[in-house]
Amino acid sequence: VILNDDPDNAGAVILGRHLWEHISYVIVENFEVRNWFSNGIATPVNWETDDNHHVILRNNWIKDVEAVGIKLAAWVWNADNGVDGWRGGHDLTVSGNVIDGANYFGIHTYSYDSLYENNVVKNIGLIENLGKAGLGCGYSGSNCTENGDGIRVKLDKVAYSAYGNTLRGNRLERIGYCGFDIFGPDNVLEQNVIREACYTKGDCGAVRTFGRDSLAATDVHDLTIQHNIILDTIGNTDGDSEAFKPLFGMGLYIDNYSKNVDVIGNTTINSTVDGILFQRSTGN
């Protein structure tokens, strides 16, 4: 029994046991998760000693969940390598899944050395679908600059999160904030289609990368973004003051100390501000 006031195990399918075991060499496929009160497929809040590895999430259908379609984010405590922190697993394959309707994120992951391929993620963070928790970023001034992403690759410790992932052949449609939001190094985004990103919020992109501190110190570097098709990046500004009324969406938003970003052979059509913007960043 999973109770709706139990935040530690709030997934219809849970990958591991809270405060205890991670899992490995497991396939989760052909499930339908519909109208769930929290996350569709998720890790528990904590694992002990290590993170998941060699897990395949394949051909699942996740429809109209309140929080995150697929959430791969657990705190590893008492780590066997001595480095506690947020992790999402490694050597994962997430392929052929459909996530249609989630209010916080489509996929939220800290994974590394993993493959995300041929997934469909749509109708994420749409105003008409939101419940009392909204986009999931709190009621009283909590930071809400990332909620509503289609696929977010989040960084904690750079050696154990957000690097070496390939995101290929995914289709993202009607995404509240950024289509892809990338916060780590050595990731490849290729042959994806992103349509109507920034559907709910502005100052965002169909693909955004975001580093920190400085170009010399940033953890966001050596990215490849190639052969993607980006259509109709909106950058919604409903509810803003008159000074911010113009739509504010970028196709490729290479931002805030992203270093050595290769942008190759992409097609960007009908973004409301820039097709490609490099801001305090470097690349080709």
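Numbers here simply count residues along the sequence, with the first being 1.
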When D51, V55, L57 are each screened for side chain to side chain contact (heavy atoms under 4.5 Å, CB included) with L72, the one that passes is L57
Heavy-atom closest pair (G179 atom, A197 atom, distance to 0.1 Å) is N-CB, 4.0 Å
Do W61 and R34 make a side-chain contact, defined as non-hydrogen atoms from C-beta onward lying under 4.5 Å apart? yes
With side-chain contact (heavy atoms from CB on, under 4.5 Å) as the test, would you mind laying out the steps for F248 and I234 before giving the verdict? CA-CA 7 Å; F248 198 4; I234 297 167; over 6 Å; no
Would you check if the side chain of K201 reaches a backbone N or O of N147 as a donor-acceptor pair within less than 3.5 Å? yes
Between H221 and D186, is there a side-chain heavy-atom distance shorter than 4.5 Å? yes
If you define the side chain from C-beta out and look only at heavy atoms, does anything of V68 sit under 4.5 Å from I107? no
To the closest 0.5 Å, what do you measure between CG (N35) and CG (D64)? 5.5 Å
Can a donor-acceptor pair be found between the side chains of N165 and S111 at a distance below 3.5 Å? yes
When you look at E190 and I225, which way does the side-chain contact (heavy atoms from CB on, under 4.5 Å) test go after all the steps? CA-CA 6 Å; E190 61 185 6; I225 302 171; over 6 Å; no
Assess the cysteine pair C178 / C198: is their SG-SG separation shorter than 2.5 Å? no
Could you pull out the closest heavy-atom pair between S114 and G89, with the gap in Å? OG-O, 4.2 Å
Donor-acceptor check, side chain of T43 to backbone of A73, threshold 3.5 angstrom: yes or no? yes
Donor-acceptor pair, side chain of N266 and main chain of N228, under 3.5 angstrom: yes
Using modelled atom types only, decide if a donor and an acceptor are shared between the side chain of N52 and the backbone of I23 within a distance under 3.5 Å. yes
Using only atom types and a distance under 3.5 Å, with no angle test, would you say the side chain of D149 pairs donor to acceptor with the backbone of I151? no
Determine, for D219 against R212, whether the closest basic-nitrogen to carboxylate-oxygen distance falls under 4.0 angstrom. yes
Using the rule side chain to side chain contact (heavy atoms under 4.5 Å, CB included), only one of T282, T209, L215, V220 pairs with Y257; which is it? L215
Can you check whether I230 reaches L252 side chain to side chain, under 4.5 Å on heavy atoms? yes
Distance-only, no hydrogens or angles: does the S281 side chain make a donor-acceptor pair with backbone N or O of S258 under 3.5 Å? yes
Side chain proximity check, P185 to V158, heavy atoms < 4.5 angstrom: yes
Given 3.5 Å as the limit, does a donor-acceptor pair link the side chain of D181 with the main chain of R152, or not? no
Is the closest side-chain heavy-atom distance between N39 and V65 below 4.5 Å? no
Quick one: does any side-chain atom of N170 pair with a main-chain N or O of Y116 as donor and acceptor, under 3.5 Å? yes
Would you say CZ of F278 has more than 12 non-hydrogen atoms from neighbouring residues, nucleotides or ligands within 6.0 angstrom? yes
Exactly one of T166, V188, N187 clears side chain to side chain contact (heavy atoms under 4.5 Å, CB included) with T224, and that residue is V188
I'd like to know if K122 and E173 make a salt bridge, using a cut-off of under 4.0 Å between side-chain N and carboxylate O. no
Report yes or no: do N103 and E66 form a side-chain donor-acceptor pair below 3.5 Å? yes
Donor-acceptor under 3.5 Å (N60 side chain, V28 main chain): yes
With a 4.5 Å heavy-atom cut-off, do L189 and I182 have their side chains touching? yes
Regarding R87 and D50, does a basic nitrogen lie under 4.0 Å from an acidic carboxylate oxygen? yes
Looking at CD of Q226 and CZ of R168, how far apart are the two atoms once the value is rounded to the nearest 0.5 Å? 9.5 Å
I'd like to know whether I41 forms a side-chain contact (heavy atoms from CB on, under 4.5 Å) with L15, so could you lay out the CA-CA distance, the side-chain angles of the two residues, the decisive distance to 0.1 Å, and finally the verdict. CA-CA 8 Å; I41 298 174; L15 307 174; 4.0 Å; yes
Could you walk me through whether T109 and I70 pass the side-chain contact (heavy atoms from CB on, under 4.5 Å) check? CA-CA 8 Å; T109 180; I70 297 176; over 6 Å; no
Sorted by first residue and then second, give each salt bridge (charged side-chain N to carboxylate O under 4.0 Å, His left out) pair with at least one member in residues 88-104; sequence neighbours left out. K63-D100
Sequence neighbours excluded - ring-ring contact (aromatic ring centres under 6.0 Å, His included) pairs with any residue from residues 149-207: Y112-Y163
Using the ring of each side chain (for Trp, its six-membered ring), is H90 parallel, tilted or perpendicular to H53, with breaks at 30° and 60°? parallel
Under the side chain to side chain donor-acceptor pair (under 3.5 Å) criterion, do N59 and E29 qualify, and how do the steps go? CA-CA 5 Å; N59 297 339; E29 63 181 346; 5.1 Å; no
Sub-3.5 Å donor-acceptor pair from the side chain of T200 to the main-chain atoms of G125, do we have one? yes
For residues H108 and Y110, determine if any side-chain heavy atom of one lies less than 4.5 Å from a side-chain heavy atom of the other. yes
Under 3.5 Å, is there a donor-acceptor pair between the T93 and S95 side chains? no
On a heavy-atom basis, which atom in D156 and which in S161 lie closest, and how many Å separate them? N-OG, 2.8 Å
With a 3.5 Å cut-off and no angle check, do the side chains of Y253 and D203 form a donor-acceptor pair? yes
